[in-house]
Amino acid sequence: MDKLEEISQLYDTILILDFGSQLTHLIARRVRELGVYCELLACNINITDLKFKPKGVILSGSPYSVYEKGSPHVDPEVWKLNVPILGICYGLQEIAFTHGGAVECHDKKEFGHADIKIVEESKLFEGISTSMQVWMSHGDQITKLPTDFRVVANTDTAPFAAVENVTEKIYGIQFHPEVTHTALGKVLLKNFVVGICGAKGNWTMESFVDKEIERIRVMVGPTAQVIGAVSGGVDSTIAASIMSKAIGSRFHAVLVDNGVMRLNECNEVKKRLTEKLGINLTVIDAADLFLGRLKGVSDPEKKRKIIGNTFIEVFEKEGERIELEIEEDIKKGTSGNRGKIEFLLQGTLYPDVIESVSFKGPSATIKTHHNVGGLLENMKLKLIEPLRELFKDEVRAIGTLMNIDEELVWRHPFPGPGIAIRVLGEVTPTQVEIARKADYIYIEEIRKAGLYRQISQAYAALLPVKAVGVMGDARTYEQVIALRAVTTTDFMTADWFPMPYEILKKISNRIINEVRGVNRVVYDISSKPPATIEWE
Ligand SMILES: Nc1ncnc2c1ncn2[C@@H]1O[C@H](COP(=O)(O)OP(=O)(O)OP(=O)(O)O)[C@@H](O)[C@H]1O
Ligand SMILES: O=c1[nH]c(=O)c2[nH+]cn([C@@H]3O[C@H](COP(=O)(O)O)[C@@H](O)[C@H]3O)c2[nH]1
Ligand SMILES: NC(=O)CC[C@H](N)C(=O)O
Ligand SMILES: [Mg+2]
């Protein structure tokens, strides 16, 4: 493999092994916040398959019990890596269980806040006084410490709240430093990652962009070409800018108009990408194809699958068209340094990757994200995903660094299946038009009120119900628009936004007056979970 192919070969990397805890991605967030690069992989990977030598390893928590049949365990090779290892909760229990200690279900469970007493000096607790408030979530406990380990901290109910074997460089804590409820959790993680592992905090977005451009150039080589799925969303736009900087006109950006984009979206995206970013974007009008296939379909999952598959089809066709064009040029000798299309660019982010690394396979399917990753299996193109290792806020930081318009960088995410999953029930051109107009007014008013940046995502959905109203003294029997606005950092959980009444009043008035077919507007006050951000 080329030396530049893996980001993990360029930065000091902490390896996080995931045992399936809901909190594992937070460990990754916290380590990245320290400026240290980390990768999250399934707990049962073969250590010999690792493409890099980590500076340290963190073992996550888990819903399982180490002693239960079928519970997940690490490849024992991990203990021979000779780098520091930190076990968190289940991770600690895994250390005890595999090193001759004992773990049992305990009648005193600890959920929530606890105070630990630090009873021994330890590098892990450097800069932290003799006690610390932590957040616990466990029902099992170590009942026998392996030999050569010592207790560093305890609580009234957990005698082994923190343990270590300094010679073997193995550390374990029963509490969760990755959650903000453990106030000094970040200090502890820094002590481990920087102090004990010696990882350099050189994971900055400046260095990332330069190295990524260089990595892409090496990967693509001097003549190959790249086709890119670009939606105008922040992820694919920034991926496209990086690609364009790396290989210039050998990059072909393609936007598919699937007939369920927002009002004026395709034109605006084309304008923005061409004028502001110098990216050559082809818009393919496939609206009729998509809407034709969606006719008569009201099941949300079916809609998503139809759209996902049609995306692939349209994309492949466009790839073939560009290929033919290039072949002609090659025959005529006018291709310059243009070779064949060998790569496909996508705006995939790390959360998408994380969802598929769990040791027990992807978590329960709640929604099939129209995932262009599905292209992988039967495509001859190799994938390039420059942002695959990044979280959304890191992508936004890159956008700011690259001087990309603030408006674009802070754009609310827009799902690939677009308005089709915001028109509940059957998607017809008329229904799409109603939702589109209402959405436009909604977002316009949010912007006017200066609230756009405070909200993480907002949109209007069209409900498949009719309600009675009275307009101009006449009875109406029309549809209902639901307004959704949420705040969130990671889009995995979200709160509904407390929209000021005055603004709601204005929006409701405008939608009912300006959008034919709507006589009621409601505001969605459900958080995620139990609801989700999109209605379908
Ligand atoms: N209409 C489209 N045309 C071409 N590619 C698309 C389209 N919609 C989505 N994609 C592709 O699917 C990927 C995933 O979509 P997603 O909405 O998650 O990301 P995004 O649109 O780049 O950013 P954002 O999350 O901010 O909307 C995009 O990065 C892009 O590669
Ligand atoms: O590109 C996408 N393709 C999809 O199929 C898709 N489904 C949901 N989303 C976006 O994901 C975030 C979480 O949405 P949910 O709470 O509805 O699952 C929100 O930001 C949603 O807009 C999608 N994005
Ligand atoms: N949060 C965890 O890792 C819990 C580990 C184990 N399931 C317990 O209850 O103790
Ligand atoms: Mg999008």
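Please read these numbers as outputs of a predicted model, since none were measured by experiment. All ligand and atom numbering here is 1-based and tracks the order in the structure.
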Participant: Could you tell me if any non-hydrogen atom of Leu349 lies under 4.0 Å from any atom of ligand 1?
Facilitator: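 For ligand 1, residue contact (heavy atoms, under 4.0 Å) with Leu349 is absent.
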Participant: Looking only at heavy atoms, is any part of Pro415 under 4.0 Å from ligand 2, and if so is it the side chain, the backbone, or both, or is it neither?
Facilitator: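 Pro415 to ligand 2: contacts from backbone and side chain alike.
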Participant: In terms of side-chain geometry, is the basic nitrogen of Glu178 or Arg32 positioned less than 4.0 Å from the acidic oxygen of its partner?
Facilitator: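 Here Glu178 does not pair with Arg32 in a salt bridge, since their nearest N and O are not under 4.0 Å apart.
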Participant: Below the 2.8 Å mark, what number of protein N, O or S atoms do you get around the Mg ion (ligand 4)?
Facilitator: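 Considering protein N, O and S only, the Mg ion (ligand 4) has 1 within range.
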Participant: Show the atoms of ligand 1 that are less than 4.0 angstrom away from any heavy atom in Val234.
Facilitator: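 In order of number, 23 (O), 26 (O).
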Participant: Is Arg262 close enough and on-axis enough to Tyr440, meaning under 6.0 Å and within 45°, for cation-pi?
Facilitator: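 No, a cation-pi geometry is absent between Arg262 and Tyr440.
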Participant: Could you check whether Arg29 pairs with Asp393 (Lys NZ or Arg NE/NH1/NH2 to Asp/Glu carboxylate O, under 4.0 Å)?
Facilitator: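 Asp393 and Arg29: salt-bridged.
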Participant: What atoms in ligand 2 come closer than 4.0 Å to a heavy atom of Thr532?
Facilitator: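 Every atom of ligand 2 under 4.0 Å from some heavy atom of Thr532: 15 (P), 16 (O), 17 (O).
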Participant: I want to check a possible cation-pi pair here: Lys211 against Tyr11, using under 6.0 Å from ring centre and within 45° of the ring axis as the test.
Facilitator: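 The answer is yes, since Lys211 meets both limits relative to Tyr11.
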Participant: Is there at least one pair of N or O atoms, one from Ile421 and one from ligand 2, spaced under 3.5 Å apart?
Facilitator: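 It does not: no N or O of Ile421 is found under 3.5 Å from an N or O of ligand 2.
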Participant: Cation-pi check, Arg447 to Tyr452: give yes when NZ or CZ is under 6.0 Å from the six-membered ring centre and within 45° of the ring axis, no otherwise.
Facilitator: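 Output yes; distance and angle both within limits.
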Participant: Looking only at distances, please establish whether an N/O atom of ligand 1 is found under 3.5 Å from an N/O atom of Asp235.
Facilitator: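 N/O-N/O distance under 3.5 Å: yes.
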Participant: If the threshold is 4.0 Å, N to carboxylate O, is there a salt bridge linking Lys448 and Glu445?
Facilitator: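 Salt bridge present between Lys448 and Glu445.
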Participant: Any idea which atoms of ligand 2 are less than 4.0 Å away from a heavy-atom of Gly416?
Facilitator: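 Going through ligand 2 atom by atom, the ones under 4.0 Å from Gly416 are 1 (O), 2 (C), 3 (N).
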Participant: What pairs of residues pass the salt bridge (Lys or Arg N to Asp or Glu O under 4.0 Å) test when at least one of them lies in residues 281-295, not counting sequence neighbours?
Facilitator: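 The answer is Arg293-Glu313.
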Participant: Closer than 4.0 Å to some heavy atom of Val254 - which atoms of ligand 1 meet that?
Facilitator: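 Contacts of ligand 1 toward Val254, numbered from 1: 4 (C).
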Participant: Between Glu536, Arg484, Arg304, Arg422, which one has a non-hydrogen atom sitting closest to atom 7 (N) of ligand 2?
Facilitator: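 Nearest option to atom 7 (N) of ligand 2, by heavy atoms: Arg304.
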Participant: Under the ring-ring contact (aromatic ring centres under 6.0 Å, His included) test, which residues partner His138, sequence neighbours left out?
Facilitator: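 ring-ring contact (aromatic ring centres under 6.0 Å, His included) list for His138, sorted by chain: empty.
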Participant: One thing to verify: whether Lys186 and Glu33 come together as a salt bridge, which I'm taking to mean a side-chain N less than 4.0 angstrom from a carboxylate O.
Facilitator: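 Yes, charged N to carboxylate O under 4.0 Å.
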Participant: Please list all pairs meeting salt bridge (Lys or Arg N to Asp or Glu O under 4.0 Å) that have one or both residues in residues 422-436, counting only residues at least two apart or in different chains.
Facilitator: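 Those involving residues 422-436 are Arg422-Glu534, Glu433-Arg436.
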Participant: List ligand 2 atoms under 4.0 Å from Lys528, heavy atoms only on the residue side.
Facilitator: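 Taking each heavy atom of Lys528 in turn, ligand 2 has 13 (C), 15 (P), 16 (O), 18 (O) under 4.0 Å.
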Participant: If we only count N/O pairs under 3.5 Å, is Thr348 in contact with ligand 1?
Facilitator: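 Checking ligand 1 against Thr348, no N or O pair falls under 3.5 Å apart.
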Participant: Looking only at distances, can you tell me whether any N or O atom of Met261, backbone or side chain, sits closer than 3.5 Å to an N or O atom of ligand 1?
Facilitator: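 No.
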Participant: Does a salt bridge link Lys528 with Asp495, judged by any charged N lying under 4.0 Å from a carboxylate O?
Facilitator: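 No, no charged N to carboxylate O under 4.0 Å.
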Participant: Do the side chains of Glu406 and Arg453 get close enough for a salt bridge, i.e. N-O under 4.0 angstrom?
Facilitator: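 Judged by the 4.0 Å cut-off on N to carboxylate O distance, Glu406 and Arg453 do form a salt bridge.
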Participant: Have a look at Glu385, Gln346, Lys392 and point out the one with the heavy atom closest to atom 26 (O) of ligand 1.
Facilitator: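 Among Glu385, Gln346, Lys392, the closest heavy atom to atom 26 (O) of ligand 1 belongs to Lys392.
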Participant: Considering only heavy atoms, which of Ala286, Pro413, Ala229 lies nearest to atom 5 (N) of ligand 1?
Facilitator: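 Going through Ala286, Pro413, Ala229 one by one, Ala229 has the nearest heavy atom to atom 5 (N) of ligand 1.
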Participant: Taking the minimum heavy-atom distance to atom 2 (C) of ligand 1, which of Phe315, Phe311, Phe491 ranks first?
Facilitator: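 That would be Phe311.
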Participant: Let me know which of Met402, Glu394, Arg396 forms a side-chain contact (heavy atoms from CB on, under 4.5 Å) with Ile398.
Facilitator: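 The side-chain contact (heavy atoms from CB on, under 4.5 Å) with Ile398 is passed solely by Met402 among Met402, Glu394, Arg396.
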